[in-house]
> 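I have a structure I would like to understand better, so I am pasting it below and will then ask my questions one at a time.
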Amino acid sequence: MDILYRSTRGHGKEIASAQAILSGIAPDGGLYIPVSIPSLDRQFGDLACLDYSRLAHYIISRFLTDLDLDTLRECVDSAYDSKYDDNRIVPVVEKAGAHFIELFHGPTLAFKDMALTMLPHLLKAAAAKEKNDRKIVILTATSGDTGKAALEGFAGVKGTSIIVFYPRDGVSQIQERQMTTQEGDNTHVIAIEGNFDDAQNGVKAIFGDREFAAELEKNGYMFSSANSINIGRLIPQIVYYVHAYLELLKSKKIAEGESINIIVPTGNFGNILAAYYSRKMGLPVNMLICASNINNVLTDFINTGIYDRNRKFIVTSSPAMDILVSSNLERLLYDLVEKDPDMIKRLISDLSEKGEFSITDSMREGLDEFFGGFATEQETFESIKYVYDNSGYLIDTHTAVGYSVYKDYVKKTGDDRPAVIASTASPFKFPGSVAGAIDNKYRDMDEFSLLEVLSWMSGTKIPGPLKDIESKKVVHKKSCGTGEMRHMVREALGMG
Ligand SMILES: *Cc1c(COP(=O)(O)O)cnc(C)c1O
């Protein structure tokens with residue numbers, strides 16, 4: 001069955017996946033969604049025999065039906081290789097009463113690698129199929145994790161260039177060093193004299209600048225997005241939920257057909273949407289538990305049907321979840337409003353004009369399978385300590401938010417069926433918060449020296465990508481004011 005894609009906002013035509021991946025966002029500002037969701041048409045017992053790459057190939061090829069199987073095989077094999085420091089790619093471990101899906105074994109130690117090691121290859125395949133011979137330029141503003149994951153993904157990929165802008169004072173010591181030491185002739189990293197909003201607004205302005213786009217086109221370039229609005233990022237994320245289920249099946253933690261709960265520490269709603277799609281494919285999932293930090297817009301939305309971004313933005317120890325507008329929620333809304341694009345447009349315009357929207361009681365029924373909860377900073381740190389004291393296992397701050405909300409869920413509902421928690425980052429990425437949660441004396445220590453402490457605490461080695469990062473050569477030293485971003489892009493692309 002061919003799967004086509006359409007925008008959440010328009011009655012526009014249905015397009016093949018290659019086109020949707022190349023465009024990133026739809027011309028009407030909406031997000032591309034698959035018109036129908038393919039089902040898992042093989043027995044779980046058969047699927048359980050596949051290794052991670054083969055399972056990924058099976059699932060991704062069910063969605064990207066216009067790309068041929070051999071091309072997709074190359075995409076999958078190029079993504080999930082020795083870049084991952086564990087040959088299982090995604091280990092699933094049982095600790096402190098839950099199963100953690102370890103999504104952080106890729107090159108940047110966060111779950112975004114799961115899709116961003118694949119996206120460059122999907123983009124190239126899509127460009128070839130669409131006979132697009134322009135060079136693809138990925139332009140990204142980052143508050144830390146996305147930038148590095150995109151750099152790693154696109155570094156050295158022929159036919160692409162990547163330019164990342166980050167706020168000079170808005171990323172952690174380790175995050176900055178991860179980016180400025182990035183190798184690869186096609187990578188460009190530039191610090192902005194400003195905050196993340198400045199960087200983000202600058203990039204958005206460039207994306208919307210038609211004259212600039214024409215100038216690029218004349219020089220043989222086109223812009224694309226590595227943001228999680230790209231459907232090419234969403235689909236590879238479905239794989240690990242199916243994989244986790246199969247792992248529980250293989251280790252006899254569940255019987256065939258038995259349902260599980262899934263907990264996802266959520267920011268932009270991309271990761272949990274992938275879990276939701278895995279259920280639509282037929283994976284036996286009981287409850288999707290959406291975990292937020294104190295920026296708990298989504299908790300309120302799931303519990304009341306009102307999405308209200310009119311509140312203070314709070315900086316927390318789980319920065320990837322400090323988000324007030326979760327862009328991928330629009331894809332879930334599309335299902336809740338029963339695929340009525342006019343209704344979507346109304347909700348989105350309410351959000352931009354009033355900062356809030358609300359859905360009707362009948363739409364809320366679609367949320368019955370979601371549980372929303374949040375964790376305070378203190379609860380987050382307590383979870384890190386509890387899991388460590390209980391099992392000697394270190395979890396990062398984002399995963400700890402998930403664990404805390406999971407505990408609340410069990411207490412509230414008594415539903416203690418097997419549960420998997422998306423473990424979205426390595427604890428080594430947030431050494432100050434993680435070591436500090438376990439013992440206060442580490443709170444204000446230098447992040448680089450704390451890597452050793454975490455290694456000692458957990459009895460595991462410092463992950464390769466962070467080892468020696470302090471002494472690694474800084475190759476990207478450019479910075480610019482917010483008014484000079486176009487100039488920097490021209491310079492990076494050799495457009496004079
Ligand atoms: C991006 C990120 C998240 C949030 O994921 P979404 O798909 O945006 O909901 C959670 N944890 C970590 C570590 C991340 O990098």
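For ligands, and for the atoms within them, numbers begin at 1 and follow the listed sequence. Remember, it's a predicted structure, so these values are computed and weren't measured experimentally.
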> Pick out the protein N or O atoms lying less than 3.5 Å from any N or O of ligand 1, and list each pair with its distance.
unit_1	atom_1	unit_2	atom_2	d
ligand 1	7 (O)	Gly270	N	3.2
ligand 1	7 (O)	Asn271	N	2.9
ligand 1	8 (O)	Asn268	N	2.7
ligand 1	9 (O)	Gly267	N	2.7
ligand 1	9 (O)	Asn268	N	3.1
ligand 1	9 (O)	Phe269	N	3.0
ligand 1	11 (N)	Thr424	OG1	2.9
ligand 1	15 (O)	Lys112	NZ	2.5
ligand 1	15 (O)	Asp145	OD2	3.1

> Which residues pass the side-chain contact (heavy atoms from CB on, under 4.5 Å) test with Thr299, not counting sequence neighbours?
Ser292, Asn296, Asn303, Phe374
> Using distance alone, with no hydrogens and no angle criterion, decide if Glu330 and Thr8 have a side-chain donor and acceptor under 3.5 Å apart.
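A pair is found: one side chain offers a donor N or O, the other an acceptor, under 3.5 Å apart.
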> Could you go through Tyr241 and Val264, starting from their C-alpha distance and side-chain angles, then the distance that decides it, and tell me whether this counts as side chain to side chain contact (heavy atoms under 4.5 Å, CB included)?
CA-CA 11 Å; Tyr241 293 109; Val264 186; 3.5 Å; yes
> Regarding Arg443 and the six-membered ring of Phe381, is the cationic atom NZ or CZ under 6.0 Å from the ring centre and inside 45° of its axis?
yes
> With no hydrogens and no angle check, just 3.5 Å: does a side-chain donor-acceptor pair link Asn295 and Thr316?
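No - no donor-acceptor pair under 3.5 Å links their side chains.
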> Tell me if the aromatic rings of Phe100 and Tyr393 count as close, with their centers under 6.0 Å from one another.
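Centroid distance Phe100-Tyr393: below 6.0 Å, so yes.
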